[in-house]
*Asks:* 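Take this structure first; my questions come after.
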Amino acid sequence: MLKKSRLLGLAFAAADILVELDGDGRIAFAIGSAPAPGCETPEAWVGSHLHERLGKASRAAIAAVIDDLGDGARSPAAEILLICGDTLVRRARLRAFRLPQLAPALSCAITFEGAPFALAVPRCPPLLDGAGLLERARSKLIDAPAGEAMALAFVDVPGLSSVEGEQGERATARVNAALQSASLDGSSAARLTPERFALIKNAADGRDLAAEVREAGEAEGYAFSPRAAEAALQDTADPVSTLKAMRFTIEGCLRDGGLDHPERTFAQTLKKTLSDADKFRVMVKARQFDLHYQPIVDLKTGAVHHFEALARFGANGPATVLHMAEELGLIEDFDLAVLEKAVRKMRQPGNGLVKVAVNVSAASLATDTYLTALARLTAAEPRERHRLVLEVTETAALADLEAADKRLRAIRKSGVKICIDDFGVGSASFDYLRGLSVDTVKIDGSFIRDLDVNPRSRTLVTHLVELCASLQLTTVAEMIETEAVEQAVRSIGVDYGQGWLFGRATPEPITTLQDRAPAPALARRRGAVVGWG
C-alpha cells in the first residue's frame with residue numbers, strides 16, 4: 001500500500017473534506033465528500049476562495065483561527081456553516097494545521113455535524129410591542145396555574161438594526177422565531193427597541209437564549225453577539241405590583257439611552273413596589289393619615305358652601321401616594337377610610353352643619369362595596385347623607401359606565417350629591433358627563449388659573465358653564481388664587497369657587513373666611529395639592 005494512500009485514509013478517518021489553502025486563502029487542493037446530495041464535490045472548489053463556501057458568520061470565525069495560527073500549530077475546532085447550494089446548508093467543524101515545510105499553505109480538515117438542512121425562514125406570531133407585552137403579562141399572571149413559575153427575560157442583539165435587504169429580513173425573522181419559541185405559549189415575546197427584546201417565559205426553561213439567537217443569525221450569515229438575562233416573576237407578588245414593575249422597566253428601555261441592566265431594574269422595582277404596597281396597607285388600616293379641609297365658596301354670596309376633604313401623608317406628597325395606590329389596586333380601601341374619617345369629623349361638636357366633599361376613585365365604583373359601606377356608615381343618621389358630596393376622580397377611567405351609573409343613582413337617591421372632579425383634563429370627561437347621573441362639575445384648575453388673561457381658556461370655560469347650566473348642573477372652579485380670576489369666573493356664571501384666595505386646607509373646617517389675599521407669586525402652589533391629581 002502506498003504511503004500516500006495510507007495517509008489519505010487516516011485523514012478521512014478524522015474528516016470528511018481535506019482542503020489546502022494558499023497564502024491568499026484560496027483553495028489549492030480539495031478532496032472528500034460532497035456536503036449534500038447533488039452538491040458539487042470539493043474537487044470543484046479548487047481556485048475559489050474558502051469564504052465563498054461559508055456563511056458570513058463562519059468567515060469571521062475562520063479568519064480568527066488563521067490569523068492566530070503559528071508554524072507547526074494546530075487550531076482548535078471552529079464551528080462553520082457550509083453552503084450547499086441555493087437553499088441547503090450544513091453545520092461542520094474545521095481544524096487547521098500550518099506545516100512549516102508547506103508555508104505559506106494551510107492544511108484544513110472539515111468534519112460534518114448533522115445532516116444538511118434547508119434555510120427556510122420559520123414562521124411565528126408577530127412580536128408584541130411594550131404595551132402588548134404588559135397586556136399579555138396581565139392575562140398570564142392572573143390566569144397562571146398555582147405553582148407555575150414565570151420569568152421576564154431581556155435579550156439584546158447588537159447589530160440587528162443595521163441588517164438590510166432580503167437576507168437581513170430573513171435574519172430578523174429567524175431571531176423573532178427563536179424568541180417566540182422560547183416564550184410562554186410561543187406568543188409572549190416583544191420587540192421593545194430595534195435591538196432589545198423582552199419575553200415572558202417558563203422559569204424552568206433553561207435554554208440558552210443568547211446561543212439560540214446567535215445561531216439564528218448564523219443561519220443567514222450574520223455574526224451577532226446577543227446578551228440575555230432574566231428575572232423571576234415572583235410567585236409571592238401580586239399581579240398588579242408585578243405589572244407596575246414591568247411597566248417601569250419597559251418605559252426605561254424605551255427612553256433615550258435605555259437601561260444597561262433591565263432585569264436588575266425590574267427586580268429592584270418589584271421589590272420596592274411590594275414594600276410600598278405593604279406600607280400603604282398598614283397606613284390605611286391604622287388610619288395613619290390626616291384629612292385637611294379646604295373651603296368651597298358660593299360665588300354669589302361669598303359664604304362657605306362646603307369643604308373638600310384632602311388627604312395628607314406627612315412628608316410624602318398626596319398625588320404621588322394616591323397615584324401609587326390606584327396603580328396597585330389599593331385605592332378602594334383608602335377611599336372607604338377617607339369616607340369614614342370625613343363622616344366622623346362631621347359628627348364632632350360644632351360641625352353639625354358642615355358639608356364635606358370626599359374624593360372617590362372611579363375604581364371604587366366598579367363594585368357595590370363602596371355603596372354598601374356608605375349606606376352602613378350613615379345608617380344611624382341618614383340625614384348625614386345630605387351633607388356629603390362624592391367627587392368622582394378620573395385618574396382610573398370607569399370600564400363600565402352603565403354599572404357605575406346605577407350605583408351613583410342609588411347614592412344620589414339616598415341624598416348624597418355627586419360631582420365630576422377635575423373636568424377637562426382626561427379623555428373620559430365628556431363620557432362621564434354623558435353617562436353618569438351627577439349634580440356638579442368641578443372644572444380643573446389648569447383652565448381657571450389664567451382665566452383673566454387667556455382668552456382661549458375663558459372661551460372654553462364659558463361654553464362649559466353654559467353646557468352644564470343647560471343640563472341643570474352646578475359648577476365649581478378650582479385654583480382661584482387672585483381676585484382677578486375670581487371676578488372672571490363669577491362673570492362667566494360659575495356657581496362655586498375653591499382656591500387659596502378663599503383659604504388653604506386646614507385640619508379643622510373653618511366656616512368663616514379669613515382676610516383674603518392672593519397667593520405669593522413665588523410660593524404659588526408649591527408644596528400643596530388641591531385635589532388628588
Side-chain angles (χ1 to χ4, degrees), residues 51 54-64 78-83 86-87 89 91 117-134 136-137 151-201 205-231 246-247 249-266:
H51 283 184
L54 306 176
K56 288 185 179 180
S58 303
R59 297 174 188 177
I62 295 303
E79 295 184 358
I80 62 173
L81 200 66
L82 285 171
I83 297 175
D86 294 334
T87 60
V89 293
R91 300 188 190 282
F117 60 93
L119 275 176
V121 177
R123 294 184 179 182
C124 70
L127 265 63
L128 306 168
D129 57 11
L133 183 65
L134 284 171
R136 182 64 52 81
L152 178 64
F154 294 91
V155 181
D156 290 343
V157 190
L160 182 62
S161 62
S162 62
V163 300
E164 298 178 344
E166 183 179 347
Q167 190 174 20
E169 291 178 2
R170 291 201 306 268
T172 301
R174 289 183 182 280
V175 170
N176 294 350
L179 294 173
Q180 281 289 38
S181 67
S183 72
L184 212 60
D185 296 340
S187 60
S188 299
R191 191 172 189 175
L192 304 182
T193 70
E195 295 185 348
R196 173 166 285 172
F197 300 80
L199 60 143
I200 306 166
K201 61 185 289 288
D205 187 341
R207 73 179 69 185
D208 188 337
L209 289 175
E212 294 196 4
V213 171
R214 183 171 57 253
E215 290 181 2
E218 289 175 352
E220 292 297 337
Y222 290 97
F224 299 131
S225 298
R227 299 184 299 269
E230 64 182 64
M246 284 185 63
R247 183 170 65 255
T249 306
I250 289 173
E251 289 173 352
C253 291
L254 297 176
R255 288 194 295 269
D256 290 341
L259 297 171
D260 289 336
H261 298 284
E263 75 287 351
R264 296 182 194 172
T265 300
F266 169 73

*Asks:* What pair of heavy atoms forms the shortest contact from A210 to P226, and how long is it?
*Replies:*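 Minimum heavy-atom contact is O-CG, 3.1 Å.
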*Asks:* Under the rule for ring pair (Phe, Tyr, Trp, His ring centres under 6.0 Å), what residues qualify as partners of H261, not counting sequence neighbours?
*Replies:*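 By the ring pair (Phe, Tyr, Trp, His ring centres under 6.0 Å) rule, H261 matches no residue at all.
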*Asks:* For E164, which residues count as a salt bridge (Lys or Arg N to Asp or Glu O under 4.0 Å) partner, sequence neighbours excluded?
*Replies:*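 For E164, no residue satisfies salt bridge (Lys or Arg N to Asp or Glu O under 4.0 Å) once neighbours in sequence are set aside.
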*Asks:* So how far is it from T249 OG1 to L254 CG, rounded to the nearest 0.5 Å?
*Replies:* 11.0 Å
*Asks:* Any chance you could measure L133, atom CG, to F197, atom CZ, to the nearest 0.5 Å?
*Replies:* 12.5 Å
*Asks:* Would you compute the distance between atom CG of L184 and atom CG of L152 and round it to the nearest 0.5 angstrom?
*Replies:* 11.5 Å
*Asks:* Please check if atom CZ in R207 has more than 12 non-hydrogen atoms from other residues, nucleotides or ligands closer than 6.0 Å.
*Replies:* yes
*Asks:* Can you name the side chain to side chain contact (heavy atoms under 4.5 Å, CB included) partners of P126, sequence neighbours left out?
*Replies:* none
*Asks:* Rounded to the nearest 0.5 Å, what's the gap from CZ on R136 to CG on L134? Could you check?
*Replies:*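 Output value for this atom pair is 11.5 Å.
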*Asks:* If we only count heavy atoms from C-beta on, is the I83 to L54 side-chain gap below 4.5 Å?
*Replies:* no
*Asks:* Using modelled atom types only, decide if a donor and an acceptor are shared between the side chain of E212 and the backbone of L179 within a distance under 3.5 Å.
*Replies:* no
*Asks:* Between R174 (side chain only) and A177 (backbone N and O only), is there a donor and an acceptor less than 3.5 Å apart?
*Replies:* no
*Asks:* Looking at every non-hydrogen atom in both residues, tell me the closest pair between P158 and S225 and how far apart they are.
*Replies:*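 Nearest pair, atom of P158 first, then S225: CD-O, 3.6 Å.
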*Asks:* Can you name the closest pair of heavy atoms from A228 and V155 and give their distance?
*Replies:* CB-CG2, 4.0 Å
*Asks:* May I have the step-by-step check of side chain to side chain donor-acceptor pair (under 3.5 Å) for S183 and Q180, ending in yes or no?
*Replies:* CA-CA 5 Å; S183 72; Q180 281 289 38; 3.3 Å; yes
*Asks:* For E220, is there any backbone N or O sitting under 3.5 Å from a side-chain donor or acceptor partner on Q167?
*Replies:*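 Confirmed, Q167 side chain pairs with E220 backbone.
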*Asks:* Write down the atom of A190, the atom of L127, and the distance for their closest heavy-atom approach.
*Replies:* C-CD2, 4.1 Å
*Asks:* Could you pull out the closest heavy-atom pair between A178 and S181, with the gap in Å?
*Replies:*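 The pair with the smallest heavy-atom distance is O-OG, 2.8 Å.
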*Asks:* Find out whether V175 and Y222 are in side-chain contact, i.e. whether some heavy atom of one side chain is under 4.5 Å from a heavy atom of the other.
*Replies:* no
*Asks:* Could you tell me if the side chain of L160 sits less than 4.5 Å from the side chain of R191, heavy atoms only?
*Replies:* yes
*Asks:* Can you name the closest pair of heavy atoms from E195 and G159 and give their distance?
*Replies:* OE2-N, 2.9 Å
*Asks:* Are any non-hydrogen side-chain atoms of R196 and D156 less than 4.5 angstrom apart?
*Replies:*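 In short, these two side chains touch, coming nearer than 4.5 Å.
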*Asks:* Taking atom SG of C253 and atom CG of L259, what is their separation to the nearest 0.5 Å?
*Replies:*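 The distance works out to 4.5 Å.
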*Asks:* To the nearest 0.5 angstrom, please state how far the CG atom of L209 sits from the CZ atom of R214.
*Replies:* 11.5 Å
*Asks:* Check the pair E166, R170 against salt bridge (charged side-chain N to carboxylate O under 4.0 Å, His left out), reporting the backbone distance first and the verdict last.
*Replies:* CA-CA 6 Å; E166 183 179 347; R170 291 201 306 268; 3.5 Å; yes
